[in-house]
Structure formats: C-alpha cells, structure tokens
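Down below is the structure, laid out as structure tokens.
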There are 2 protein chains.
Amino acid sequence: MAKQVTIYEIAKEAGVSPSTAARILSGRSQGRAKTRAAVLAAAKRLNYQLNLAAQNLSRGKSMSIGVLVPDIADPFFVEILRGIEKGLHDSAYFPLIGSMHWRLGEARNALDLLLGHRVGGLIVATTHLPSERLYRIAQEIPLLLIGEVVEPIQNRCLAIDNEEAAYQATRYLIDLGHRRIAYISGPPLHWHTAPRLDGYRRALEEAGLELQPELVLAGNYEESSGYHAVKELVRKGIPFSAVFASNDAMAYGARLALFESGLAVPEQVSLVGFDDLPWSSYLIPPLTTVRQPGYEMGLSAARGVLQMLSGQPFQPPRFYGELVVRNSSGQAP
Amino acid sequence: MAKQVTIYEIAKEAGVSPSTAARILSGRSQGRAKTRAAVLAAAKRLNYQLNLAAQNLSRGKSMSIGVLVPDIADPFFVEILRGIEKGLHDSAYFPLIGSMHWRLGEARNALDLLLGHRVGGLIVATTHLPSERLYRIAQEIPLLLIGEVVEPIQNRCLAIDNEEAAYQATRYLIDLGHRRIAYISGPPLHWHTAPRLDGYRRALEEAGLELQPELVLAGNYEESSGYHAVKELVRKGIPFSAVFASNDAMAYGARLALFESGLAVPEQVSLVGFDDLPWSSYLIPPLTTVRQPGYEMGLSAARGVLQMLSGQPFQPPRFYGELVVRNSSGQAP
DNA sequence: CTGTTAGCGCGTTCAT
DNA sequence: ATGAACGCGCTAACAG
C-alpha cells in the first residue's frame, strides 16, 4: 500500500493550512472560492482519500448504524436489510452489516465488532443475545430490535405477534372446512417456533379439534425439511387436507412433495406458508401465506434510530402479520 | 453516549502501564499471569470496549475486506456474499459490505466509503465502475472482480462465459427438437444482457434457424417481466414450444404465466432459466437452468484476496456456467 | 475565513 | 515482561 496522502500534503500543495484543507474537504466550510478551488484541485491531483479511522477517532463516533442479522442469506432478513437500506438512504449514516456467521478468531463476535466501530445506532434483527447486554447497550446508543420482543426493552422492539398470526392462518383453514391440518414447525432453537405452534394449537382447540401429534412435523425452516415432512406424511398414509408450513421456504418444499405425490393444490390439499417471500406470489399456484412486513419493519427501524439520534423520542409502531390469501388454499374436499 | 473506557483507565485500575494493558488486551503479549489477570479483570469490570477507529488509525490499516455489490437484495449476490463470508470465516478479516444503493449525501459513494475505511482488500461484484479506477486501486490493494471481466485487470476477474452458457442452454433446447424458442432478455444496462442474447443467437444460427424478433422479449430480470412477456406472447397468439429466460426470477414469472394460460410444463412448453437460485429446484416442476457458481466465486474471491494479502500470487480459477437439467424441459411436442 | 494548538485511543518504537 | 514517549490523520477548540 502506497503511503497515505494526508490533509497536510494537500494543504502544502494548495498553500493553505491543514485545518483549512480539512474543513473544505469535509464540507464543514466553504472557504473562499479561490482557496476552495486550490484545495480541491490539490486533492484531486494527489488522489486524496479520506481516512475514516482518523475522522471517527477524532470525532469520537462514526456515521454508521450497525445492523446485526443471524444470516445474511435468509430471504426474510434480506427484506429487513432492504428496508433499512432504504430508511438510511437519504441520511448521512450508512449501515454496517454484521452477521452472526463471523467468528473472527475467538470471542470477538459481530456485536463487539460493531460496537468497536462506535456505531451511532444499532438495529438487531432476531438473534438471541443476552437481554441484559442489549439493555445495557440501549442505555448508551439508540437500539432497536426487529422480530423479537425482549423483556427489558419492550419499547424498543418491532415485531408482529407470531402466535396471533399463526392462529389466524390456522383459523382460516379451519373455516374452510379443514379438520386435519398438518403443521410443519421450525427448529426448536428459533425463538418464534413456539409462538407459532401455540397459535396453531389455539385455533384447533378453539374449534374443538384435538391436536394430532402425527400431524405436527419437525422442520428447520429450510425447503428440504418441508419436502421431507410431507413425503413422510404421504408415505405413512396419514390423512390430511391442508398443510400449514411455519415459513415459506418449507412451504416450497412441501409444494414439491405434494406435486410428486400427485396431490393437487388446492383441490386435494390446501397449502399455507408464513413470511410472504417475494417469490411466493409466483409459486404454482400462488401461495397463501402470512405476510410479515419485513421491509416495513426495517424501514421503520432505520427511521427510528435516526430519529432517536436526533434527540427525538421514538415509539415503535405496531406491526401485524397479515394473511394473504392466494390460490394455494381452498375449501376442504 | 457515556464516556469511553480507554486502556488508560483500565491500566490505572489494574495498576499497570497503559502499554502493558494494551498489549494484553490485544493479545499481542501474554504478560505475567498475575498482571494478565489484573488487566482482564479490570477490563471486564469497567466494561472495556476496544475502539477500532483508534486501532485502525494507529495500525494504518483495518482488518476488513471491502465487498461491493450493486444490490444486496439480489439473490445471486446473496450467493456470492455467502461464499465470501465462508471464505473469510476463519481469517482475522471480516467483510465490510457496500451497496451501490447508498448515496450518503453527495458524491461519496460506497467505494469511497470502503476505501476510506482502509480495507485490506476489495471484492467488487459486477458493478460498472470506471475500469481505470479499478486498475488504480488494484495497484494499491488486493482487488478481485466477480461476474465481469474488465480489460486492464483480466487476471483479477472471476466470471463465467455468459455467451457460452446461454449458447449451451439454447443448444440443449434445439437438440430437444424445439424450433420456436422464446427468449426473455435482461435490461439493456446490465452488462451480461448482450452476451447471453448473443449465445442464444449463435445457437440458433448454428442450427440453421433464423432468429425471430417476435420471440425475443424484453425483460428486466424481475419476476413480473417474465410473467408479462409470456402473457403477451400468448395473447398475441405467437407460437412457441420453449421459453429461455435469461435469469431464474423471470423464469418464475414465466412459469406462472404459463400456468395461468393452461400451458403444461414441460409437456407443451419447455422452460429454462439462468442462475440456479436456491428455490429453482423447488419450482413446479423443478427448473432446468444454467447454474452460475456464485457461492464458489465468492469463496474463491475471498480466499484469493487473503492469499494476495499474505504476499502470495493468486491466479483466479476458471468458472463455468453449468446446465442443470431438471423437469421443466423436455422433447418438443 | 483562516491558522495554531491540542488532543481522540491505540500501537509502536525505545528503554529498563 | 514492562514502562515512557511519540505518532497515526483528522477534528475541535481557540486565536487572529
């Protein structure tokens, strides 16, 4: 790496003092037309490149908002990221994305990395972190949580009620006449696996239906698990007229399994997912699913952090899971 | 933001000198067991948090690799990011992701941001940047390009031959007996729109078929454009027995349009995509497509940058688009 | 509007 | 193994 070009060199080159050069380059001051031109010219000539480390150190902060996601490849988080990106777009802040996948040697995890960068604010998307740690951070900088509701900072959380959303979806199927509704659950570790299953259970109980253990299938939120779950069901000859997958990815897998088993959707089996990924409306047939407003939550979180940064209070709006009825579901046969 | 806890405070707290504290905290020296314990304890007690800006400034570099993508929401780039993340996983470096969507006020774009952070290396994924700028950067730090081949730095590019891949896919359809193959192209601005169309054309010409302008549909790489393209085709009554969409997203849209038009896949119409997104194998029926090794390219790029960083030379391997035949394609009716 | 002087927090010589 | 002093490049007080 070639030696750095600092404001000192460009100051000398332009015949001004370092601070003048610095002020003009950082846009902190216009300067006299002549001075300004000289500085800018010198910067261009010497190919000057701002050193953000120095700027951040000097300022005691950085113009970035940390974003923590468990998995950068998960479509749902991609939606959130899109929203955040949009929300930050016109601000001076930019997102610093941390993924839980980064190990970085020992214990220095992604969170420490973001904090080490002295991010101006933090948006944490559904990732089991010690709640008191989050609480402590929230005292220091604007912190917003997406997806999960954590006790000590409830008023800093943007989330939908997963139990309620799953309840609505199940209720919808029941109202359609379905009595044997298979449920593909998420991995035990995911925090919303339980609430969604609870919602399913509540809807059944409310309708006077008994929860059939044989209809509750273990999934892991990946396509293949939805596929195998349905395959198993069919292989064992367990009857069912509907499948409620607790996320869209598994619904895709389930759809394929149904197809391969010669089961028509929705004529023979109704299929409902959860998330409403961008591709779900292009499934064959288009998937009925619970829409999670990931984009909106990301957008709101970004704006919220910005707002808090400007000293104003921010009260997260309520978000709701919305059942989007498309063509993969219909009357029970 | 509360006042920062610096190594000075923890040094005082531990009864040692600042430099000793710094050395132990950065793992640069073990220290005597007692000293070490005292420092670590003090750090924990005071809730010490490393200031990366200071560290980076002092070191004159940062332990990060800049990654530049045009769109963080595009599934193909997500694959690349996954590969990069994996490749960097066991190193001391972490990815600093820049998206072209960030404006950050004026001209300071994402590239300047990354450079301003003094990234150790740079991975640029398909984004039209002035080639001489890239060339200049490549002289300073390890730089690798994914997706595109740029003249002055050909030996720093990881890409597949789009023309050849599109040729193979078209050729495959022709060999299946298809004569009227609709082609859904990408947006004119995307750099691989032209080569893919060229490949389609070459395959036709080689087979003695004439390119029918009415079969070449304008798309924009989004699902909806594939949908509308096929809808139009059907509406106008233009005959075709196969659809080659120049990316998978448009193939999804095309699939839905075919479904709605009552055209069976692959019995009446064969469908082929390009990219092999994760969901493509779960399309109904599973999509025949050209697999682009995004993950592998990302992985290779990350390792390559790391290798260059360690002073070793790196010669990018060759990558190939691979036709993955699944069930959406078959003999011409 | 401009120049001067001090740091920001950490790494890195040198000593000891 | 430890301590003291200086410097990284920039911003932020002051002066003028």
Side-chain angles (χ1 to χ4, degrees), chain A residues 1-40 42-43 46-63 92 108 112-113 115-120, chain B residues 1-40 42-43 46-63 92 108 112-113 115-120:
Chain A
M1 171 134 54
K3 66 204 170 304
Q4 298 214 24
V5 177
T6 73
I7 48 172
Y8 290 91
E9 348 264 63
I10 88 111
K12 193 180 301 173
E13 177 86 4
V16 297
S17 82
S19 55
T20 299
R23 277 190 278 249
I24 291 178
L25 288 173
S26 69
R28 205 161 357 129
S29 153
Q30 288 296 306
R32 230 174 333 183
K34 203 171 61 182
T35 318
R36 179 179 178 70
V39 169
L40 261 28
L46 269 47
N47 196 22
Y48 170 75
Q49 183 83 50
L50 171 67
N51 185 324
L52 281 173
Q55 185 175 75
N56 291 342
L57 176 58
S58 179
R59 286 183 171 165
K61 62 168 186 170
S62 78
M63 295 305 281
R108 185 200 291 183
D112 284 321
L113 195 74
L115 259 20
H117 266 293
R118 296 297 185 270
V119 292
Chain B
M1 169 135 55
K3 66 204 169 303
Q4 296 214 24
V5 177
T6 73
I7 48 171
Y8 290 91
E9 348 265 63
I10 89 110
K12 192 180 301 173
E13 177 88 4
V16 298
S17 82
S19 51
T20 299
R23 276 189 278 249
I24 290 179
L25 287 173
S26 69
R28 204 160 358 124
S29 152
Q30 288 297 304
R32 230 176 330 183
K34 203 172 59 183
T35 318
R36 180 180 179 69
V39 170
L40 261 30
L46 269 47
N47 195 23
Y48 170 74
Q49 182 83 49
L50 171 67
N51 185 324
L52 281 172
Q55 186 175 73
N56 291 341
L57 176 59
S58 180
R59 286 182 171 163
K61 63 169 184 170
S62 78
M63 296 305 280
R108 186 200 292 184
D112 284 321
L113 196 74
L115 259 21
H117 267 293
R118 296 297 186 269
V119 292

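Predicted model only: the values in this text are computed from it and were never measured. So you know, we letter chains A, B, ... as the sequences are listed, proteins then strands, and number each from 1.
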Presence of Arg28(A) side-chain N/O under 4.0 Å of dT11(D) phosphate oxygens OP1/OP2:
yes
Atom pairs, N/O to N/O, protein against nucleotides 5-7 of chain C, distance under 3.5 Å?
| from | atom 1 | to | atom 2 | distance (Å) |
| --- | --- | --- | --- | --- |
| dG7(C) | N2 | Ser58(A) | OG | 3.3 |

Whole-Å gap separating P (dC10(C)) and CG (Leu50(B)):
6 Å
State the NE2-CD distance between His117(B) and Gln49(A), to the nearest 0.5 angstrom.
11.5 Å
Interatomic spacing from CZ in Arg23(A) to OG1 in Thr20(A) - rounded to 0.5 Å
5.0 Å
Whole angstroms only, please: what is the CD1-P distance between Ile7(A) and dC8(D)?
12 Å
Heavy atoms only: give me the nearest Tyr48(B)-Val5(B) pair and the separation to one decimal.
CD1-O, 3.3 Å
Side chain of Ser62(A), backbone of Asn56(A): donor and acceptor closer than 3.5 Å?
no
Could you go through Val39(A) and Arg36(A), starting from their C-alpha distance and side-chain angles, then the distance that decides it, and tell me whether this counts as side chain to side chain contact (heavy atoms under 4.5 Å, CB included)?
CA-CA 5 Å; Val39(A) 169; Arg36(A) 179 179 178 70; 6.0 Å; no
Starting at CG of Asn56(A) and ending at C1' of dG9(C), how long is that distance when rounded to a whole Å?
13 Å
Exercise: identify the closest heavy-atom pair between Leu52(B) and Leu113(A)
CD1-O, 3.5 Å
To the nearest angstrom, the CG-C1' distance between Leu52(B) and dC8(D) comes to 15 Å
I need the residues from residues 32-40 of chain A with at least one non-hydrogen atom less than 4.0 Å from DNA chain C; give them sorted by number, or say none.
Arg32(A), Thr35(A)
When the distance from NZ of Lys12(B) to P of dA4(D) is rounded to whole Å, what number comes out?
13 Å
Would you check if the side chain of Arg118(B) reaches a backbone N or O of Leu57(B) as a donor-acceptor pair within less than 3.5 Å?
no
Can you give the dot-bracket line for DNA chain D, using ( ) for pairs inside the strand, [ ] for pairs that cross earlier ones, | for pairs with another strand and . for unpaired bases, where Watson-Crick and G-U count if both distances are under 3.5 Å?
|||||||||||.||||
Nucleotide dT11(D), atom C1' - distance to NZ of Lys61(A) in whole Å
12 Å
Output the rounded distance in Å from CG (Leu46(B)) to P (dG9(C)).
14 Å
Indicate yes or no for a side-chain donor-acceptor contact from Ser58(B) to the backbone of Ala54(B) under 3.5 Å, with no hydrogens or angles considered.
no
Taking all non-hydrogen atoms of both residues, which atom of Ile10(B) and which atom of Ala42(B) are closest, and how far apart?
O-CB, 3.8 Å
Closest approach to the side chain of Thr20(B), judged atom by atom: which nucleotide of dG9(C), dT2(D), dC10(D) is it?
dT2(D)
Does OP1 or OP2 of dG3(D) have a side-chain N or O of Ser17(B) closer than 4.0 Å?
yes
Considering non-hydrogen atoms only, spot the tightest contact between Ile7(A) and Pro18(A) and give its length.
CD1-O, 4.0 Å
How many Å lie between NE2 on His117(A) and P on dC10(C), as a whole number?
14 Å
Using heavy atoms to find the nearest nucleotide of DNA chain D for Thr6(A) and Arg23(A) separately, return the residue whose nucleotide is more 5′.
Thr6(A)
Nearest of dG9(D), dC10(C), dG3(D) to any side-chain atom of Leu57(A)?
dG9(D)
Contact class for Ser29(B) (heavy atom, under 4.0 Å): base, sugar-phosphate, or nothing?
nothing
